Amino acid sequence: MNLKESINTKSLPKHIAIIMDGNGRWAKQKGLLRTVGHENGTKSVRETVEACAELGIENLTLYAFSTENWNRPKIEVQTLMKLLVSSLKKEIKTLEENDIKLTAIGCLNELPKKAHRELQEVIEKTKDNKRMCLTLALSYGSREEILNTVKKISAKVKNNIISLEKIDESVINEHLYTRNLPDVDLLIRTSGEQRISNFLLWQIAYAEFYFTPVLWPDFTKQCLYEAIIEYQKRERRFGKTSEQLN
Ligand code: IPE
Ligand code: IPE
Ligand code: MG
């Protein structure tokens with residue numbers, strides 16, 4: 001049976017987050033430079049964005065560059081930043097045509113000026129789009145995000161803008177970079193690695209995890225459908241018993 005048709009559109013994850021991993025290994029297997037792997041990874045980004053929008057997924061967050069990735073060889077970091085700029089320039093039209101809003105989370109100030117400017121421009125141009133929210137995690141680290149949140153809330157307490165007693169989970173949510181997004185329902189990681197690598201630690205508290213050995217440049221719409229079908233087989237109990245749910 002067609003995979004897409006076996007997806008129940010009434011119980012779609014509201015927020016899918018993806019750790020797009022395996023570009024380097026994909027290239028190495030083919031005797032190519034790592035950077036060629038990254039270039040080919042952009043095709044999978046396009047496929048995934050398109051597939052999510054077509055299905056009616058409301059939020060898609062892609063881990064594109066971590067705070068730790070700054071420690072990679074300079075030439076690889078430069079290529080990734082150039083690729084970011086060229087992809088943004090290339091995809092703006094598709095985002096507009098498909099009514100997709102682009103946002104970004106992370107230490108965006110640390111991006112090269114050109115990349116930062118291009119990013120802000122696309123964010124501004126697509127801000128009123130409604131069909132899907134596509135968030136790029138760039139220079140993103142969850143511990144940095146949490147640290148930043150603690151500092152912002154502490155400053156408000158110090159200046160009597162908020163009282164200590166009023167701090168609850170929703171206050172924390174409102175100060176995270178992801179303040180406008182719901183919790184992650186489905187977290188996908190490609191390339192066979194089974195770790196979180198400092199991604200959305202707070203937001204994945206009750207996410208379903210899906211690990212696939214497929215390397216990111218080989219990830220297709222069909223791979224995404226498989227992940228969603230697997231997600232729909234899970235019973236999300238949120239601490240309750242199975243009997244309570246039925
Ligand atoms: C993911 O692919 C892309 C980024 C982290 C930017 P990798 O570059 O990590 O690929 P592997 O893990 O070395 O195969
Ligand atoms: C995580 O991948 C970051 C992104 C996908 C952008 P890495 O390949 O950097 O993760 P580790 O270091 O192997 O855990
Ligand atoms: Mg990797």
Side-chain angles (χ1 to χ4, degrees), residues 15-49 51-52 59-88 90-91 102-112 114-116 118-119 134-148 176-178 181 184 186-204 207 209-220 223-224 227:
H15 186 178
I16 298 180
I18 308 183
I19 303 175
M20 312 183 287
D21 198 13
N23 294 352
R25 276 162 285 167
W26 182 91
K28 196 172 176 189
Q29 280 176 6
K30 296 183 156 47
L32 303 166
L33 292 171
R34 291 181 59 84
T35 50
V36 182
H38 296 312
E39 280 161 18
N40 279 272
T42 61
K43 285 193 252 162
S44 304
V45 171
R46 170 179 270 205
E47 283 242 338
T48 306
V49 170
C52 286
N59 299 283
L60 171 66
T61 299
L62 301 175
Y63 203 5
F65 194 87
S66 71
T67 44
E68 288 74 24
N69 288 150
W70 290 113
N71 299 320
R72 290 194 177 192
K74 206 173 158 196
I75 180 77
E76 180 164 344
V77 172
Q78 280 173 346
T79 307
L80 283 165
M81 293 303 147
K82 274 192 202 147
L83 216 50
L84 171 66
V85 175
S86 61
S87 304
L88 287 166
K90 213 159 70 197
E91 300 305 329
L102 184 85
T103 63
I105 54 173
C107 288
L108 306 180
N109 292 329
E110 282 174 22
L111 297 174
K114 200 170 169 197
H116 195 204
E118 194 64 37
L119 183 68
L134 167 63
T135 302
L136 295 182
L138 287 164
S139 189
Y140 174 88
S142 190
R143 287 188 169 179
E144 189 284 326
E145 178 184 36
I146 292 170
L147 182 67
N148 180 273
L176 291 166
Y177 296 139
T178 52
L181 297 171
V184 175
L186 170 60
L187 176 82
I188 299 172
R189 183 170 189 149
T190 59
S191 88
E193 306 299 351
Q194 302 195 4
R195 55 176 174 264
I196 302 303
S197 304
N198 203 8
F199 191 41
L200 303 174
L201 300 176
W202 171 276
Q203 299 87 340
I204 59 171
F209 290 5
Y210 180 85
F211 298 107
T212 168
V214 173
L215 301 173
W216 181 249
D218 290 329
F219 194 83
T220 57
C223 300
L224 180 87

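Not measured: the values here are computed from a predicted model. Index from 1, following the sequence. We use all heavy atoms of the structure for the numbers below, so side chains are in, but hydrogens, waters and symmetry mates are not. First listed ligand is number 1; within each ligand, the first listed atom is number 1.
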### Task
Report yes if some heavy atom in the side chain of Glu47 is under 4.5 Å from a heavy atom in the side chain of Leu224; otherwise report no.
no
### Task
Take every heavy atom of Gly37, measure it against each atom of ligand 1, and state whether any distance is under 4.0 Å.
no
### Query
Are any side-chain N or O atoms of Arg34 and backbone N or O atoms of Glu76, one a donor and one an acceptor, separated by less than 3.5 Å?
no
### Message
For Val36, is there any backbone N or O sitting under 3.5 Å from a side-chain donor or acceptor partner on Asn40?
### Response
yes
#### Entry: ligand 2 contact on Phe199 by region, counting heavy-atom pairs under 4.0 Å
neither
### Query
Numbering the atoms of ligand 1 from 1, which are under 4.0 Å from a heavy atom of His38?
3 (C), 8 (O)
### Query
Taking both backbone and side-chain atoms of Asp21, is any N or O found less than 3.5 Å from an N or O belonging to ligand 1?
yes
### Query
Are Leu84 and Leu136 close enough, and set up right, to give a side chain to side chain contact (heavy atoms under 4.5 Å, CB included), and what steps lead you there?
CA-CA 10 Å; Leu84 171 66; Leu136 295 182; 4.3 Å; yes
### Query
In the protein, which heavy atom is nearest to atom 5 (C) of ligand 2, and how far is it?
Met20 O, 3.4 Å
## Note on the structure
So the atoms of ligand 2 within less than 4.0 Å of a heavy atom of Arg72 turn out to be 7 (P), 8 (O), 9 (O)
### Task
Using atom types as modelled and distance alone, determine if a side-chain donor or acceptor of Thr190 lies under 3.5 Å from a backbone N or O of Met20.
no
### Under 3.5 Å: N/O of Asn69 near N/O of ligand 1
no
### Query
If you measure from each heavy atom of Ser191 to ligand 1, is any distance below 4.0 Å?
no
### Message
I'd like to check Arg195 versus Arg189 (side-chain heavy atoms, cut-off strictly below 4.5 Å). Are they in contact?
### Response
yes
### Task
Decide whether an N or O pair under 3.5 Å exists between Phe65 and ligand 1.
no
### Query
For ligand 2, which atoms sit closer than 4.0 Å to a heavy atom of Ile19?
5 (C)
### Task
Could you tell me whether ligand 2 has any atom less than 4.0 Å away from a heavy atom of Glu68?
no
### Summary
Closest to atom 1 (C) of ligand 2 by heavy-atom distance, out of Ala137, Gly41, Ser197, Gly24, is Ser197
### Task
Indicate, as side chain, backbone, both or neither, the part of Ala64 found under 4.0 angstrom from ligand 2 when only non-hydrogen atoms are considered.
backbone
### Task
Report the C-alpha distance between Asn69 and Val77 in whole Å, list the side-chain angles of each, state the deciding distance to 0.1 Å, and finish with yes or no for side chain to side chain contact (heavy atoms under 4.5 Å, CB included).
CA-CA 8 Å; Asn69 288 150; Val77 172; over 6 Å; no
### Task
May I ask you to check whether Thr103 and Thr135 show a side-chain donor-acceptor distance below 3.5 Å?
yes
### Message
Looking only at side-chain N and O atoms, does Ser139 offer a donor or acceptor that is under 3.5 Å from a partner on Trp70?
### Response
yes
## Note on the structure
The answer for which part of Arg195 has a heavy atom under 4.0 Å from ligand 2 is side chain
### Message
If the cut-off is 2.8 Å, does any N/O/S atom of Asp21 fall short of it from the Mg ion (ligand 3)?
### Response
yes
### Task
Can you establish whether the number of heavy atoms outside Lys30 located under 6.0 Å from its atom NZ is more than 12?
yes
### Query
Does the side chain of Gln203 pick up a donor-acceptor pair with the side chain of Tyr177 at under 3.5 Å?
no
### Query
Arg25 heavy atoms, cut-off 4.0 Å: which ligand 1 atoms fall inside?
11 (P), 12 (O), 14 (O)
### Task
Of the side chain and backbone of Lys28, name the one, both, or neither that has a heavy atom under 4.0 Å from an atom of ligand 1.
neither
### Query
Going by the angle between their ring planes, with limits at 30° and 60°, are Phe219 and Trp216 parallel, tilted or perpendicular?
parallel
### Query
What protein heavy atom sits nearest atom 2 (O) of ligand 2, and how far off is it?
Arg189 NH2, 3.7 Å
### Message
Any heavy atom of Glu193 closer to ligand 1 than 4.0 angstrom?
### Response
no
